[in-house]
Amino acid sequence: MNGLPNFLPALPEIFLVLTVLGLIVYGAIKGEAESRFIGYIAVLALVVAQVLEMSLSPAHSVTFNGLFQSDRYSIYMKSLVLLGSALSLILSFDFQDHEKSERFEYPIFVLFATIGMMMMISANDLISLYVGLELQSLPLYVLAAMRRDTVKSSEAGLKYFVLGALSSGLLLYGASLLYGFTGTTEFSGLAAAFSESSGHPPLGVIFGLVFLLSGLAFKISAVPFHMWTPDVYEGAPTPVTAFFAAAPKIAAMALLVRVLVGPMGPLTAQWTQIIVFLSLASMILGSFAALNQTNIKRLMAYSSIAHVGFALVGLAAGNVDGVRGVLIYMTIYLFMTIGTFAIILNMRQHNRMVENIDDLAGLSKTHPMMAAAMAIFMFSMAGIPPLAGFFGKLYVFLAAVNAGLYTLAIIGVLTSVVGAFYYIRIIKLMYFDKPHEPIDRKVGRDNAIILTATALFILLFFIYPRPIISAATVASTSLFGGG
Amino acid sequence: MIISALAFYLFATLIVASGVMVIVSRNPVHSVLFLILAFFNGAGLFILLGAEFLAMILVVVYVGAVAVLFLFVVMMLDINFVKLREGFLNYLPVGGLIGLILLIELLMVAGGWAFSAQAVPGPGAPLSALAPDPGVSNTLAIGKLIYTHYFYLFQAAGLVLLVAMIGAITLTLRTRKGVRKQNIAHQVSVNAKDRIELKKVKIRGGV
């Protein structure tokens, strides 16, 4: 009506959409032979989108009639997601060489899912939230079932799809209740309506909030909505699992934080108890259920559930410091996960992928560097100083203690001790047990580079943590309406 | 006035009744047919509201395309629904209890429905710029909303559909070996020489 909207805030998304549409046509004409080229272009596109995001995205902007927003928080989270997608895409190349399972659709689905994640993070309306979420989930279902000739992969895809559809239903139901009780779907309108009823929101709003949170908790796989995670992580092809653990989890966490702090900000007293419960349950189940896992991908699934629990500790604090803790935690989590999966992707014996934890036995004799990197990641996940994982936990627990959530912080520290048991068991296997069947010598070049880079990041984070911490501070204050 | 009220109750009762029948009927084909009936009644409700465009879209898209597709799928997949429902009675107590609790909670929610009346005119009126205009037809109003106000969502939904399409192809298309395809251009451009070989046959010699 009055001219075109401002496209600048959505420039990275638009760029990615145009690239992916071009790649589809190219792939359809050239066929599977050009899969690798399409993969490289996809990585390049993600890098360009990253540059666009960091250089051109405005710090405060709402566009498309209030449906889309860009702020420092979205820039930070989108950068993380783009990085996670690009790294996991690079990790997949080596795997596809070995397994001869190259499909040109793979990078295309990764790109589509990334676009969906960016739209989620930038959502400023319940409808754009939902559409972004679906655009993110749909490619993930297909990716999980990509190796349709194996039963496990098909099962993972189907399970993920059915449960994901259920969670979308819950989320939509919650959104419709919120709309019914406030008359708007826009985040700022919701926030205004909730602050009007400060203190005593009607039951329907609480009801809608609970359903909305259940839907989002499914996406971050917080207990009690975690059931799909181990099966899907185990069944999906390993590079897909790496992607699942890295990018979508961070995007869903970003969305959860955005929804709870933005429109639900006035209802903090109401949602804090839900988040505290989710966090407690995730930490406890994630730590204890991982104890007797034998498959490393299942172990990583439970470990990611526990990590989500730890990150939610920061959110439960419900203030700037807490959200900053979540951001730092998710950043470090991204590097730890990508690094660990780079090692898992190298676990092959006689050119076949192996997934048992016992297969890592004696890794220090055959691959000293890889064992050292794995030890760094495991110690970091367990939260041993001075590795990065310790600082991640430090910031969330500090925020929780300052907000008076002592019980949560204490239980968090205790479960992290339980978690340390299974992380350190892997280190014991690698360094003190005898290898019965050595892992193949060959390590892909891309994997080796990513492995080194992530391990160095985790190892040396404590020397110069300032850039990430200050960026996270800026991002979290912008979420709370400050500078 | 009274006629439209009667029509509303008729459509509403039928929609609920056919909704129940969708779940209860033993034959899946019957379920789909009841679903179609529910769609028709929904279209009737839309007409009562004066939204004739939506009513027609509902009939065309849902009855004409979606439900027929369902019917095909149900008929092609040979699923024994009686067997699927074997455990029904075992799960009934737990499921029924959860359903009952949810129902009670929902009733409590409906009891507290006083909020929306105050909130709607206040902050929550983002569409006030698009208030009903008597000079504009339904179709035009919907077009303005979808293609102008919500064009971002329209494009995004298009992407979701594209992903769904590519996903379906990726998961089902497989290249089989040994399939004989008919290539018409190839057939047309065949020369007589390629197919017929003339041979001199000696008299009394045989081939």
Side-chain angles (χ1 to χ4, degrees), chain A residues 1 5 10 17 20-21 24 32 63-68 103 105-106 108-109 112-113 115-116 119 125 127-128 130-132 134-135 138-139 141-143 145-146 148-149 154 157 177 179-186 188-197 201-208, chain B residues 98 101-131 133 136 140-141 143-176:
Chain A
M1 277 172 263
V17 169
V20 78
L21 291 180
I24 292 172
E32 306 294 341
T63 184
F64 298 139
N65 297 310
L67 293 170
F68 189 94
R103 313 273 316 259
E105 289 96 344
Y106 181 83
I108 285 173
F109 280 126
F112 267 126
I115 296 165
M119 286 167 57
D125 189 291
I127 311 176
S128 44
Y130 177 69
V131 175
E134 283 304 297
L135 185 56
L138 213 51
Y141 305 146
V142 183
L143 282 177
M146 200 88 172
R148 57 193 180 194
D149 44 346
S154 313
L177 275 173
Y179 176 61
F181 273 85
T182 56
T184 179
T185 55
E186 206 178 327
S188 51
L190 284 173
F194 293 146
S195 59
E196 240 174 55
S197 69
L203 198 54
V205 168
I206 305 286
F207 217 69
Chain B
I98 294 174
I101 293 172
L102 268 181
L103 183 71
I104 293 171
E105 283 179 339
L106 274 178
L107 287 178
M108 283 160 73
V109 168
W113 200 282
F115 185 62
S116 66
Q118 307 148 7
V120 167
L127 299 184
S128 57
L130 301 146
D133 179 355
V136 168
L140 184 65
K144 271 188 174 169
L145 264 183
I146 293 181
Y147 301 118
T148 312
H149 191 84
Y150 286 129
F151 89 98
Y152 165 66
L153 299 176
F154 183 74
Q155 295 288 345
L159 282 182
V160 174
L161 286 179
L162 180 65
V163 170
M165 195 184 81
I166 302 174
I169 295 173
T170 314
L171 291 182
T172 51
L173 182 76
R174 52 191 79 208
T175 43
R176 290 201 180 83

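A, B, ... follow the sequence lines: proteins, then strands. Residue 1 opens every chain. Since the structure is predicted, the reported quantities are computational estimates derived from the model, not experimental observations.
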### A:Ile24 versus chain B, the contacting section by heavy-atom distance below 4.5 Å
side chain
### Mutual orientation of the aromatic rings belonging to B:Phe151 and A:Phe64 [parallel < 30°, tilted 30-60°, perpendicular > 60°]
perpendicular
#### Entry: Interface moiety of B:Leu162 toward chain A, non-hydrogen atoms closer than 4.5 Å
side chain
### Task
With a 4.5 angstrom heavy-atom cut-off, could you sort out which part of A:Val20 is near chain B: side chain, backbone, both or neither?
neither
### Query
Taking atom CD1 of A:Ile108 and atom CD1 of B:Ile166, what is their separation to the nearest 0.5 Å?
6.0 Å
### Query
What distance separates B:Leu159 CG from A:Glu134 CD, expressed to the nearest 0.5 Å?
13.5 Å
## Note on the structure
Among B:Thr170, B:Ile169, B:Val160, the residue with the most heavy-atom pairs under 4.5 Å to chain A is B:Thr170
### Summary
Turns out that what part of A:Ile206 lies under 4.5 Å from chain B's heavy atoms comes down to neither
### Task
Might you point out which heavy atoms bring A:Ser128 and B:Tyr152 nearest each other, and give the distance in Å?
CB-CE2, 3.8 Å
### Query
Got a second to check how far B:Leu145's CG is from A:Asn65's CG, nearest 0.5 Å?
10.0 Å
### Query
Do B:Phe154 and A:Val131 touch side chain to side chain, with heavy atoms closer than 4.5 Å?
no
### Query
Can you say whether A:Tyr130 sits under 4.5 Å from chain B via the side chain, the backbone, both, or neither, judging by heavy atoms?
neither
